[in-house]
Amino acid sequence: MLVMVNRLLVEPFALPFMQRALIEVLLLGAMAGVVGVFVVLRRLAFLADALTHTVFPGVVIGYLLSGESGIVPGALAFALLSAVLFTVLAANRHVNQDAALAILLTSFFALGVVFVSRRRSYTADLTAFLFGRVLTVDSTQLTQTAVVAVGVSVVLLALRKELLLRAFDPLAARAMGYRVGLLDLILNLVIAIVVVAAVKAVGTILVIALLVVPAATARLLSDRLVVVSGIAITVGMSGGWLGLAASYEASINRGVRLASGATVVLALVMCYLFALGAGPLSRFARGRWTRGRRARGRLVDVQASGEWPDGPRTPTGLTAGTGM
Amino acid sequence: MELGAAGRGAAEADGDRPAAVVFARASIAYGRVPAVENVDGVVRAGRTVALIGPNGGGKSTLIKAMLGLVPVVDGSIQVLGRTPAGARRDVAYVPQADALDPEFPVSVNQVVLMGRYRTIGWVRRPGRADRQIATQALTAVGLAHRGADRFGTLSGGQRQRVLLARAIAQQPTLLLLDEPFNGVDTVSREALLRALGELREAGATVVVSTHDLSLAHLACDDVCLLNRHQFGFGPISATLTPDRLRAAYGGAALALAGDSVIVAHA
């Protein structure tokens with residue numbers, strides 16, 4: 001058993017290029033897990049998806065202008081531009097946000113396709129941009145990813161109170177004097193930067209899975225924000241590890257070529273499906289526990305006030321215990 | 001429930017108290033459509049003022065204008081001697097609890113602690129003093145034993161009490177509540193009234209919107225009668241006259257003995 005685990009999960013990473021790929025997906029998984037929690041809380045999955053598409057022309061233009069080294073600056077420029085555009089659009093009440101996002105997404109993406117179609121190696125290039133090449137990550141890119149991961153974590157850690165309040169109760173945040181538009185811009189920029197950091201490894205399309213799936217998985221398993229963040233990071237990192245190992249095993253030892261980026265995404269989705277199955281179980285256990293606590297809580301209520309507390313009479317009251 | 005037992009409506013006219021909010025012929029609009037027009041009056045410090053009027057009459061809008069969240073297009077509103085937006089740090093706002101996502105993974109304690117965020121400032125974490133203030137606020141609304149539970153597992157009325165606790169934790173000079181008694185069960189209603197009573201004793205200035213006249217009698221000193229424009233502003237007994245109520249509610253008001261007035265909603 002141990003030998004099996006060792007052969008499948010550890011041995012592939014003796015090779016230097018596999019080592020670099022592993023470090024890259026671990027960094028990306030952790031970082032995307034943290035940011036993803038806010039993406040899921042704010043229900044920004046569609047915005048993140050739009051960002052992954054609007055970054056695409058930047059990737060292409062950067063590559064056309066100065067090859068491999070132009071990809072990140074190009075992507076960054078377009079990511080920042082679209083993050084600002086999205087924030088401005090969201091702040092405008094007269095614009096239908098979904099439609100505006102969809103228009104930006106498709107027009108930017110089309111722009112990218114137009115540029116890439118001018119090249120002879122059209123299909124191969126397109127595939128690389130869309131799905132990434134994690135196995136060719138070099139140490140410069142690793143450093144870049146590490147710097148971004150640290151930066152993103154510092155920003156989110158520093159602003160987590162305010163981002164939490166803004167996600168939970170934007171009206172109260174504004175009433176307290178917080179500039180909600182500014183907070184939104186910062187979060188959108190952070191998401192954009194994560195997308196750019198992940199472009200090389202998993203491509204513009206698959207980044208969305210890194211951002212959304214670990215956090216959504218964690219959300220199925222816990223109601224406590226600290227726990228949710230912890231699980232999201234763990235799922236993001238282990239999905240990367242498992243995916244890489246699986247694609248190596250299939251490609252090298254079984255002769256079935258599996259694209260590593262896509263396999264990472266499938267590994268993440270597997271985690272999600274497991275959580276989907278485990279969620280009801282853990283909810284059941286937790287429900288029994290909270291019902292007991294609530295019953296005791298009511299007694300305290302009665303003793304304190306001398307009145308009967310409010311039982312689950314209202315529809316909202318009924319959700320206690322069963323609600324997720 | 002007993003109505004206005006201590007003759008609250010006859011509270012002495014203490015015009016020499018400083019003004020917490022001054023409305024000077026204020027009109028408020030979303031875009032070009034005026035929502036409330038010509039509000040004129042003064043909320044004195046230490047008083048509890050009810051915004052009374054039918055639904056859609058502009059009560060919530062007026063509260064948002066006091067926070068600087070909707071623009072005053074004509075006249076002016078001064079809050080604590082400043083512009084509404086400039087006074088936000090000393091004003092606490094209690095929104096309607098049912099506007100919040102019950103699935104949001106946040107505990108009751110975390111919600112109450114949010115009232116401390118402005119004081120704590122950026123980057124720093126809540127300290128022991130903040131937690132203590134939050135616990136006291138939660139105790140004041142009678143929910144100290146629910147602190148560890150997820151916000152969404154509480155009943156609607158309990159959530160409303162948690163939001164009041166969050167506002168109390170802000171230690172504001174002025175407290176604004178938007179329809180806090182809407183769809184709230186009896187126990188929570190009593191708890192809210194008790195907490196508001198304590199705030200009143202402690203000298204807080206409170207503005208609370210409600211379409212429930214008996215609550216205004218029970219918990220407030222003054223009243224602003226509102227339906228698109230102002231039908232009266234002043235001490236309850238002098239302001240909530242049958243004539244004015246009929247005018248504001250479009251004839252759907254009935255006057256009974258004494259100052260208890262019942263409004264039949266259409």
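Only a predicted model underlies this, so the values are computations on that prediction, with no experimental measurement involved. Lettering follows sequence order; numbering is per chain, from 1. FYI, side chains are in, hydrogens and waters are out, and symmetry mates aren't considered; it's all heavy atoms of this structure.
- For the side chain to side chain donor-acceptor pair (under 3.5 Å) test, no residue two or more places apart in sequence or in another chain qualifies with B/Thr48.
- B/Val111 touches chain A through its side chain: at least one heavy atom from C-beta onward sits under 4.5 Å away, while N, CA, C and O do not.
- Within the model, atoms CG of B/Leu177 and OH of B/Tyr93 stand 9.5 Å from one another, a figure rounded to the nearest 0.5 Å.
- Ranked by non-hydrogen atom pairs under 4.5 Å with chain B, the options A/Ala175, A/Ala172, A/Gly177, A/Ala173 are led by A/Ala175.
- Ranked by non-hydrogen atom pairs under 4.5 Å with chain A, the options B/Arg124, B/Gln170, B/Arg166 are led by B/Arg166.
- A donor-acceptor contact shorter than 3.5 Å links the side chain of B/Gln158 to the backbone of B/Ser155.
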- Task: Report the C-alpha distance between A/Leu189 and A/Leu80 in whole Å, list the side-chain angles of each, state the deciding distance to 0.1 Å, and finish with yes or no for side chain to side chain contact (heavy atoms under 4.5 Å, CB included).
- Result: CA-CA 6 Å; A/Leu189 287 175; A/Leu80 301 184; 3.6 Å; yes
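- Using a 4.5 Å heavy-atom cut-off against chain B, the contacting residues of residues 26-44 of chain A are A/Leu41, A/Arg43.
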- For B/Leu154 and B/Val108, run side chain to side chain contact (heavy atoms under 4.5 Å, CB included): C-alpha distance rounded to whole Å, both residues' side-chain angles, the deciding distance at 0.1 Å, then the answer. CA-CA 9 Å; B/Leu154 271 59; B/Val108 168; 3.7 Å; yes
- Item | Intermediate values then yes/no, side chain to side chain contact (heavy atoms under 4.5 Å, CB included), A/Phe274 and A/Thr217 | CA-CA 9 Å; A/Phe274 271 122; A/Thr217 307; over 6 Å; no
- Item | CA sep, side-chain torsions, deciding dist, call: A/Val227, A/Ile231, side chain to side chain contact (heavy atoms under 4.5 Å, CB included) | CA-CA 6 Å; A/Val227 183; A/Ile231 298 177; 3.8 Å; yes
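- Side-chain contact annotation: B/Ser188 with B/Arg161, donor-acceptor N/O pair under 3.5 Å present.
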- Message: Set out, in order, the CA-CA distance, both residues' side-chain angles and the distance that settles side-chain hydrogen bond (donor to acceptor under 3.5 Å, both in side chains) for B/Asp212 and B/Thr210, then state yes or no.
- Response: CA-CA 5 Å; B/Asp212 188 332; B/Thr210 175; 5.3 Å; no
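- Remark: the B/Ser107 side chain and the B/Asn109 side chain contain no N/O donor-acceptor pair separated by less than 3.5 Å.
- Among residues 155-169 of chain A, the residues having any heavy atom closer than 4.5 Å to a heavy atom of chain B are, in sequence order, A/Ala158, A/Leu159, A/Arg160, A/Lys161, A/Glu162, A/Leu164, A/Leu165, A/Ala167, A/Phe168, A/Asp169.
- Salt-bridge annotation for B/Lys64 and B/Asp178: absent, with no side-chain N of the basic residue lying under 4.0 Å from a carboxylate O of the acidic one.
- Identified by a heavy-atom distance below 4.5 Å to chain A, the contributing residues of residues 112-121 of chain B are B/Met114, B/Gly115, B/Tyr117, B/Arg118, B/Ile120, B/Gly121, in residue-number order.
- Within the 4.5 Å cutoff, no side-chain heavy atoms of B/Leu100 are placed close to those of B/Asp98.
- Summarising the local packing, CZ of B/Arg82 is surrounded by more than 12 heavy atoms from other residues, nucleotides or ligands at distances under 6.0 Å.
- Between B/Thr153 atom OG1 and B/Arg159 atom CZ the span is 8.0 Å, to the nearest 0.5 Å.
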